[in-house]
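Just so it is clear, the values below take in all heavy atoms, side chains as well, and ignore hydrogens, waters and symmetry mates.
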Amino acid sequence: MSTTVVLGAQWGDEGKGKVTDFFASSADFVVRFQGGNNAGHTIVVGDEKLALSLTPSGVLYPNCIPVIGSGCVIDLGFLKEELEMLNERNVNTEKLAISPNAHVVMPYHKLLDELIEESLGENKIGTTKKGIGPCYADKIQRRGIRVQDLLNQDLFEKKVKANIEETNLTLTKIYNKRPLVAEEIINEFKSYTDMVTNHITDTSLLIDKAIKDGKSILFEGAQGTLLDIDHGTYPFVTSSNTSSGNAAVGSGVGPKNIDRIVGVTKAYISRVGSGPFVTEQKNEIGDYLIEKGAEFGVVTGRRRRCGWLDLISLKYSVRVNSLTELFITKLDVLSGLDELKLCIGYNTENKVITDYPYELTTLESAEPVYETFDGWSDDISSVKNYDDLPANAKTYLKAIEDFIAVPITFISVGPERTENIII
């Protein structure tokens with residue numbers, strides 16, 4: 001591994017926490033390049049489950065430097081709590097590097113996120129209400145507050161007061177809520193200044209030097225490709241670019257520096273929140289996948305919607321990300337099913353299409369076209385070699401590989417960091 005991007009090829013929740021942890025064990029740097037604490041990575045170490053939302057998984061390895069890039073948005077209060085949790089587990093967090101250009105999630109962002117979502121009623125997006133969308137909106141409107149602003153108290157106070165003045169108009173005139181007090185927010189953020197000072201680094205320069213020195217860099221994404229603000233199922237998406245192109249932009253390196261792009265996909269598919277889902281199973285199959293796969297959101301605790309693996313959307317993820325390989329997770333969840341299905345087309349308006357459609361209405365009305373496979377009953381969680389998998393499991397995997405024309409190089413057969421097959 002020299003420079004590797006690991007990202008979700010579905011709607012997030014593909015098991016990227018385990019995958020990034022797997023790669024982080026041999027990385028010198030792990031760089032988070034987008035999103036905020038609306039994402040959750042669960043890493044299983046022995047009997048302990050460790051859930052991280054902002055801190056890159058590389059923090060768990062003594063010789064690895066975790067980096068939060070400029071494409072991220074940071075809830076400093078949440079980050080402080082997460083770092084304290086890691087310190088209590090004797091994890092060294094002093095090495096964390098934070099980009100000065102990352103934007104800060106402010107209290108009014110979280111308030112606005114909740115009010116906007118509630119106002120949408122039946123048309124709600126399914127946001128985590130963490131303030132991510134409003135923070136990115138302020139960034140685009142050039143009124144955002146960046147990490148580096150906390151190093152200049154006068155500038156920080158000026159920006160907060162200006163933003164509060166504008167935000168209060170929205171709160172009082174549109175939502176009939178009481179106005180916020182700028183001084184309360186300014187005083188709260190004084191407690192984060194030391195944290196910012198201790199971790200702020202020119203991360204673009206740091207990563208560039210590491211690449212030139214031949215270090216191993218892992219770029220980790222949050223959410224998944226189908227939640228990308230440009231390429232996902234808009235408007236039921238997140239507020240940042242989750243696809244591989246943003247690994248360069250959100251970390252401050254040139255795209256030619258990316259060597260390898262690993263897409264993570266479950267052996268089935270799931271999503272949290274609203275939006276079209278062609279292969280969703282609202283039946284005993286869906287219930288089976290939810291219960292056996294423990295399909296509940298790390299951040300929200302919400303029950304995920306589950307269905308058969310959709311090869312049309314997976315082929316689309318290959319295209320928009322230039323995936324070089326696949327890491328299949330949760331293959332073990334399919335053990336015990338007599339019959340498996342792969343979606344190989346969408347039936348829409350009496351014709352079958354095999355390329356992902358750009359129209360949301362087409363996705364909402366499409367019916368899946370399936371290829372059916374025999375299942376297997378074996379417990380595969382202890383399998384270490386591909387050849388030892390059940391024949392039907394290998395047939396299923398080969399069908400995925402053939403359809404999307406990208407090799408499967410890793411297979412996860414259990415939640416533990418060691419329960420993997422390396423091909």
Determine, step by step, whether Phe189 and Met106 satisfy the side-chain contact (heavy atoms from CB on, under 4.5 Å) criterion, reporting the C-alpha distance in whole Å, the side-chain angles of both residues, the deciding distance to 0.1 Å, and the verdict.
-> CA-CA 9 Å; Phe189 273 73; Met106 302 298 292; 3.6 Å; yes
Output, in order, the C-alpha distance, side-chain angles, deciding distance and verdict of salt bridge (charged side-chain N to carboxylate O under 4.0 Å, His left out) for Lys384 and Asp388.
-> CA-CA 8 Å; Lys384 298 297 182 184; Asp388 295 332; over 6 Å; no
Passes side-chain contact (heavy atoms from CB on, under 4.5 Å), Ile211 versus Thr3? Steps please.
-> CA-CA 8 Å; Ile211 292 171; Thr3 53; 4.0 Å; yes
Decide side-chain contact (heavy atoms from CB on, under 4.5 Å) for Trp308 and Gln281; before the verdict, give the C-alpha distance in whole Å, the side-chain angles of both, and the deciding distance to 0.1 Å.
-> CA-CA 7 Å; Trp308 297 118; Gln281 297 297 297; 3.5 Å; yes
List the steps and the verdict of salt bridge (charged side-chain N to carboxylate O under 4.0 Å, His left out) for Asp75 and Lys110.
-> CA-CA 10 Å; Asp75 182 330; Lys110 290 183 276 189; 3.0 Å; yes
Under the side-chain contact (heavy atoms from CB on, under 4.5 Å) rule, what do Thr362 and Tyr346 come out as? Steps first, then yes or no, please.
-> CA-CA 9 Å; Thr362 301; Tyr346 294 164; 5.9 Å; no
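In summary, Lys16 and Glu14 engage in a salt bridge, as defined by a charged side-chain N under 4.0 Å from a carboxylate O. Using a 4.0 Å cut-off between charged side-chain N and carboxylate O, Arg143 and Asp138 make a salt bridge. Using a 4.0 Å cut-off between a side-chain N of Lys or Arg and a carboxylate O of Asp or Glu, Asp332 and Lys292 do not qualify as a salt bridge.
The closest donor-acceptor contact from the side chain of Asn163 to the backbone of Val160 lies at 3.5 Å or more, if one exists at all. Side-chain atoms of Lys330 come within 3.5 Å of backbone atoms of Gly293 as a donor-acceptor pair (strictly under, hydrogens ignored). A donor-acceptor pair is defined here as one N or O able to donate and one able to accept, closer than 3.5 Å; no such pair exists between the side chain of Glu94 and the backbone of Asn198. Remark: side-chain polar atoms of Lys315 are paired, donor with acceptor, to backbone N or O of Thr354 under 3.5 angstrom. No donor-acceptor distance shorter than 3.5 angstrom exists from the side chain of Lys215 to the backbone of Lys209, with no hydrogens or angles considered. A donor-acceptor contact shorter than 3.5 Å is absent between the side chain of Tyr288 and the backbone of Leu334. The backbone N or O of Ala267 sits less than 3.5 Å from a side-chain atom of Tyr396, completing a donor-acceptor pair. Put simply, the side chain of Asn241 never gets that close to the backbone of Ser243: no donor and acceptor are under 3.5 Å apart. In this structure, the side chain of Arg142 does not engage the main chain of Gly144 through any donor-acceptor pair within 3.5 Å. Without hydrogens or angle criteria, Tyr61 side chain to Ala27 main chain gives no donor-acceptor distance under 3.5 Å.
Taking 4.5 Å as the limit, every side-chain heavy atom of Met85 sits out of range of all side-chain heavy atoms of Thr93. Within the 4.5 Å cutoff, the side chain of Tyr175 has heavy atoms near those of the Thr170 side chain. Within the 4.5 Å cutoff, side-chain heavy atoms of Asp287 are placed close to those of Arg303. In this structure, Leu171 and Tyr108 have side chains that are not in contact, with every pair of non-hydrogen atoms separated by 4.5 Å or more. Here the side chains of Ser412 and Glu419 are not in contact, with every heavy-atom distance at 4.5 Å or above. At least one side-chain heavy atom of Pro235 sits under 4.5 Å from a side-chain heavy atom of Leu360. Here the side chains of Thr127 and Ile132 are not in contact, with every heavy-atom distance at 4.5 Å or above. At a threshold of 4.5 Å between non-hydrogen side-chain atoms, the residues Pro56 and Leu96 count as touching.
Side chains of Ser99 and Asn101: a donor-acceptor N/O pair is absent below 3.5 angstrom, by distance only. Side-chain contact annotation: Ser335 with Trp376, donor-acceptor N/O pair under 3.5 Å present. Side-chain atoms of Gln223 and Asn38 include a donor-acceptor pair closer than 3.5 Å.
Residue Tyr386 places its OH atom among more than 12 non-hydrogen atoms of other residues, nucleotides or ligands, all under 6.0 Å distant. By the 6.0 Å contact criterion, CD on Glu166 is open, its count of non-hydrogen atoms from other residues, nucleotides or ligands being 12 or less. Under a cut-off of 6.0 angstrom, the local environment of CG in Asp338 is sparse, with at most 12 non-hydrogen atoms contributed by other residues, nucleotides or ligands. Dense packing is recorded around NZ of Lys95, with more than 12 heavy atoms of other residues, nucleotides or ligands lying under 6.0 Å away. Residue Gln141 qualifies as enclosed at atom CD: its count of foreign heavy atoms under 6.0 Å is above 12. Annotation: Glu84, atom CD; neighbour count of heavy atoms from other residues, nucleotides and ligands within 6.0 Å is above 12. Heavy-atom neighbours of Lys398 NZ from other residues, nucleotides or ligands within 6.0 Å: at or below the threshold of 12.
Closest non-hydrogen pair, Leu323 versus Ser317, comes out as CG-O, 3.8 Å. In this structure, Ala399 and Phe373 approach most closely via the heavy-atom pair CB-CZ, 3.5 Å. For Gln10 against Tyr268, the heavy-atom pair with the smallest separation is NE2-O, 2.9 Å. Residues Val406 and Glu401 share a closest heavy-atom pair of O-CG, 3.3 Å. Between Ile200 and Pro100, the shortest heavy-atom distance links the atoms CD1-CB, 3.5 Å. Residues Cys306 and Ile290 come closest through the heavy atom pair SG-CG1, 3.6 Å.
With rounding to the nearest 0.5 Å, the separation of CG in Leu326 from CD1 in Ile261 is 12.5 Å. Distance check, rounded to the nearest 0.5 Å: NE2 of His103 to SG of Cys72 gives 11.5 Å.
For the side chain to side chain donor-acceptor pair (under 3.5 Å) test with Thr225, the passing option among Asn321, Thr242, Thr265 is Asn321; the others fail. Considering Arg271, Lys266, Arg304 in turn, Arg304 is the only one that fulfils the side chain to side chain donor-acceptor pair (under 3.5 Å) rule with Asp13.
Ring geometry, Phe410 versus Phe23: the interplanar angle exceeds 60°, so the pair is classed perpendicular (tilted spans 30 to 60°).
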